[in-house]
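What follows is a set of notes on a single structure, which appears directly below.
For the single chain, residues carry numbers from 1 onward in sequence order.
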Amino acid sequence: MTSNIEIGLPDGWKISPVLERMMRAALQAVDPYRAVRKTFQRAGSRLTVAGQEYDLDEIDQVILVGAGKASPAMARAVLDVLGDRISRGAVVTKHLDPVHFASFPASIQLVQGSHPVPDKHSIAATETMLKAQQGLKEHDLVICVISGGGSALMTSPATGVTLDALQELTRQLLSSGATIEEMNTLRKHLDRVKGGGLVRAIHPARLATLILSDVVGSPLDAIASGPTVADRTTFHDALAILDRYNLRGRTPREIVQTLETGAAGEILETVKPGDPILARVHNVLVASNEIAARAAVESARTDGWQAVLLTTYLQGEAREAGRVLAAIARQMAASGEPAGRPGVVVIGGETTVTLSGDGKGGRNQEMALGAVREMAGLERTALITLATDGEDGPTDAAGAVVTGDTLSRAIETGVKPEDYLSNNDAYTFFDRIGALIRPGPTGTNVNDLAFIVIW
């Protein structure tokens with residue numbers, strides 16, 4: 001759980017207690033354990049999941065499955081409510097936290113996959129999960145917990161698609177600037193469990209899915225590639241995305257062939273709205289980026305600051321988004337709009353990075369780096385970027401801090417932001433000037449947050 005997380009702002013920030021309380025409040029609001037407990041309650045034989053009631057006396061077996069970075073904490077909440085009735089289960093996650101691992105009963109397997117690129121462990125873990133729900137009948141109930149990262153962690157390649165091909169496609173998409181919705185459209189049409197595939201595997205049992213969103217706007221069919229949700233996209237849509245990013249000619253041939261065969265109607269489509277098997281499925285959104293952002297605003301206001309939620313739909317190229325946020329910071333410093341001193345503007349969403357270099361970083365760090373020059377000279381003004389899972393890209397940092405003197409400090413150190421931007425090396429830039437935020441894995445994942453602060 002995230003309740004005791006340390007944000008770890010750079011030393012010397014006199015206002016950091018206010019900021020750390022604000023960011024901690026945001027993460028606590030989307031703590032996966034707490035989020036599930038709010039919507040998952042039991043009174044005797046009566047189980048209530050966000051208004052949907054289940055009579056446990058009429059249920060033969062209860063199975064617990066799931067996938068995602070936050071799934072162990074979500075599963076723990078389910079076990080604390082329903083532990084004596086759960087027959088077996090398997091949960092796929094990125095980090096095998098010893099605390100969670102030790103607390104799970106032997107009947108519930110906690111297995112490790114790979115993220116953001118799936119590997120053989122993701123496939124093996126998914127097979128373990130699928131075996132846990134084999135042979136289910138009409139009077140059985142499956143509780144499924146899903147959170148961000150589930151697309152890579154829960155992988156079961158479609159017939160004719162190899163792991164190597166999926167890995168290559170994932171790398172291409174990650175470096176292309178494709179949105180998470182576009183990536184997941186492709187994944188859903190190359191995998192047996194995504195795009196409602198898990199519903200097919202569980203049917204005819206009943207299914208209640210608790211979902212923690214890591215997708216802008218929280219469309220349920222995009223989160224973890226919608227394993228328990230109807231999919232509105234098609235094989236034709238998947239091919240169009242390859243063409244949009246000029247990937248069809250570079251993508252492994254077996255990927256293209258599978259999609260073309262599906263577009264020709266020779267492969268079963270993903271589960272579509274109106275499919276009768278969805279009648280026994282109940283999907284519940286338990287936490288989102290908006291919930292985290294609003295909690296940050298409330299915390300800042302409690303500390304006497306002006307606080308505004310600007311948007312939770314920030315998307316686009318990370319470095320360009322950084323320049324936009326820097327412009328807002330200049331407006332705040334000049335006019336006190338949309339928030340005056342002391343104040344904060346909160347932004348949520350998820351940007352993308354189109355790779356042109358081989359440096360180290362993530363979208364939050366690159367967004368911060370894009371703001372460095374534009375914010376130069378601003379007094380008592382800062383931009384803070386934060387990946388809510390604590391891991392921005394393949395790094396140990398969640399984001400970075402940019403102030404009006406970041407550029408001058410960098411020049412004194414002998415580094416220029418443009419050089420590091422051109423190599424997608426934001427991590428090295430901010431590490432050299434001591435401006436990275438390193439909270440460690442938070443146990444939750446609801447996109448990204450950015451804070452424009454004036455004091």
Between OG on residue Ser213 and CD1 on residue Ile146, distance to nearest 0.5 Å: 12.5 Å
Backbone of Val91 reached by a side-chain donor or acceptor of Ser71 within 3.5 Å: no
Distance in Å, Thr258 OG1 paired with Phe235 CZ, rounded so as to fall on 0.5 Å steps: 8.0 Å
Distance-only side-chain donor-acceptor flag, Thr251 / Glu168, under 3.5 Å: no
Residues which pass salt bridge (Lys or Arg N to Asp or Glu O under 4.0 Å) with Glu298, listed by chain and number, not counting sequence neighbours: none
Side-chain donor/acceptor of His282 to backbone N/O of Thr209, under 3.5 Å: no
Any side-chain donor near an acceptor of the partner, Thr228 and Asn283, under 3.5 Å: yes
Candidate pair Val216 and Asn289, rule side chain to side chain contact (heavy atoms under 4.5 Å, CB included), full reasoning: CA-CA 8 Å; Val216 173; Asn289 184 262; over 6 Å; no
Under 3.5 Å: donor-acceptor pair, side chain of Thr126, backbone of Thr155: yes
For His115, all residues meeting ring pair (Phe, Tyr, Trp, His ring centres under 6.0 Å), sequence neighbours excluded: none
Donor-acceptor contact below 3.5 Å, side chain Arg319 vs main chain Met367: no
Modelled atom types, side-chain donor and acceptor of Thr354 and Glu317, under 3.5 Å: yes
Identified side-chain hydrogen bond (donor to acceptor under 3.5 Å, both in side chains) partner of Arg363 from the options Thr351, Thr352, Thr385, Asp448: Asp448
Residue pair Val199 / Leu207, side-chain heavy-atom distance below 4.5 Å: yes
Spacing of OG1 belonging to Thr388 relative to CE belonging to Met23, to within rounding of 0.5 Å: 12.5 Å
4.5 Å side-chain heavy-atom contact, Phe451 and Val345: no
Side chain Asn447, main chain Glu350, donor-acceptor under 3.5 Å: no
Main-chain N/O of Lys69 paired with Ser147 side-chain donor or acceptor, under 3.5 Å: yes
Heavy-atom check, side chain of Val286 versus side chain of Met74, under 4.5 Å: yes
Main-chain N/O of Thr234 paired to Asp237 side chain as donor or acceptor, under 3.5 Å: yes
All salt bridge (Lys or Arg N to Asp or Glu O under 4.0 Å) counterparts of Asp243, not counting sequence neighbours: Arg248
Option passing side chain to side chain contact (heavy atoms under 4.5 Å, CB included) with Lys188 (candidates Val271, Val229, Thr233): Thr233
Side chain Asp392, main chain Thr395, donor-acceptor under 3.5 Å: no
Contacts of type salt bridge (Lys or Arg N to Asp or Glu O under 4.0 Å), residue Glu182, not counting sequence neighbours: Arg244
Pair Glu366, Asn424: side-chain N/O donor-acceptor within cut-off below 3.5 Å: yes
All pairs passing side-chain hydrogen bond (donor to acceptor under 3.5 Å, both in side chains) where residues 132-144 contributes a residue, at least two apart: Gln61-Asp140
Arg232 atom CZ, neighbour heavy-atom count above 12 within 6.0 Å: no
Worked check of side chain to side chain contact (heavy atoms under 4.5 Å, CB included) between His95 and Glu391: CA-CA 12 Å; His95 298 289; Glu391 300 171 311; 2.8 Å; yes
Steps toward side chain to side chain contact (heavy atoms under 4.5 Å, CB included) verdict (Tyr33, Asp80): CA-CA 10 Å; Tyr33 182 92; Asp80 285 350; 2.6 Å; yes
Non-neighbouring partners of Lys272 that pass salt bridge (Lys or Arg N to Asp or Glu O under 4.0 Å), sequence neighbours left out: Asp231, Glu269
4.5 Å side-chain heavy-atom contact, Leu169 and Leu242: yes
Which atom of Cys144 lies closest to which atom of Gly66, heavy atoms considered: SG-CA, 4.3 Å
Close side-chain approach of Asp389 and Thr444, heavy atoms under 4.5 Å: no
Minimum heavy-atom distance between Ala263 and Leu239, given as atom pair plus value: CB-CD1, 3.9 Å
Ile86 vs Leu79 side-chain heavy atoms within contact, under 4.5 Å: yes
Test item: Lys194 side-chain N/O and Ser151 main-chain N/O as donor-acceptor pair under 3.5 Å: yes
Point-to-point distance, once rounded to the nearest 0.5 Å, from CG of Leu325 to CD1 of Ile452: 4.5 Å
Closest non-hydrogen atom pair, Leu278 against Pro273: CD1-CA, 4.4 Å
Smallest separation among heavy atoms of Val446 and Ala292, with atom names: CG2-CB, 4.2 Å
Side-chain heavy-atom pair Met129, Leu198 within 4.5 angstrom cut-off: yes
Backbone N/O of Ile59 and side chain of Arg85: donor-acceptor pair under 3.5 Å: yes
Check against side chain to side chain contact (heavy atoms under 4.5 Å, CB included), Asp214 and Leu212: CA-CA 7 Å; Asp214 70 331; Leu212 189 143; 6.0 Å; no
Side chain proximity check, Ile255 to Leu166, heavy atoms < 4.5 angstrom: yes
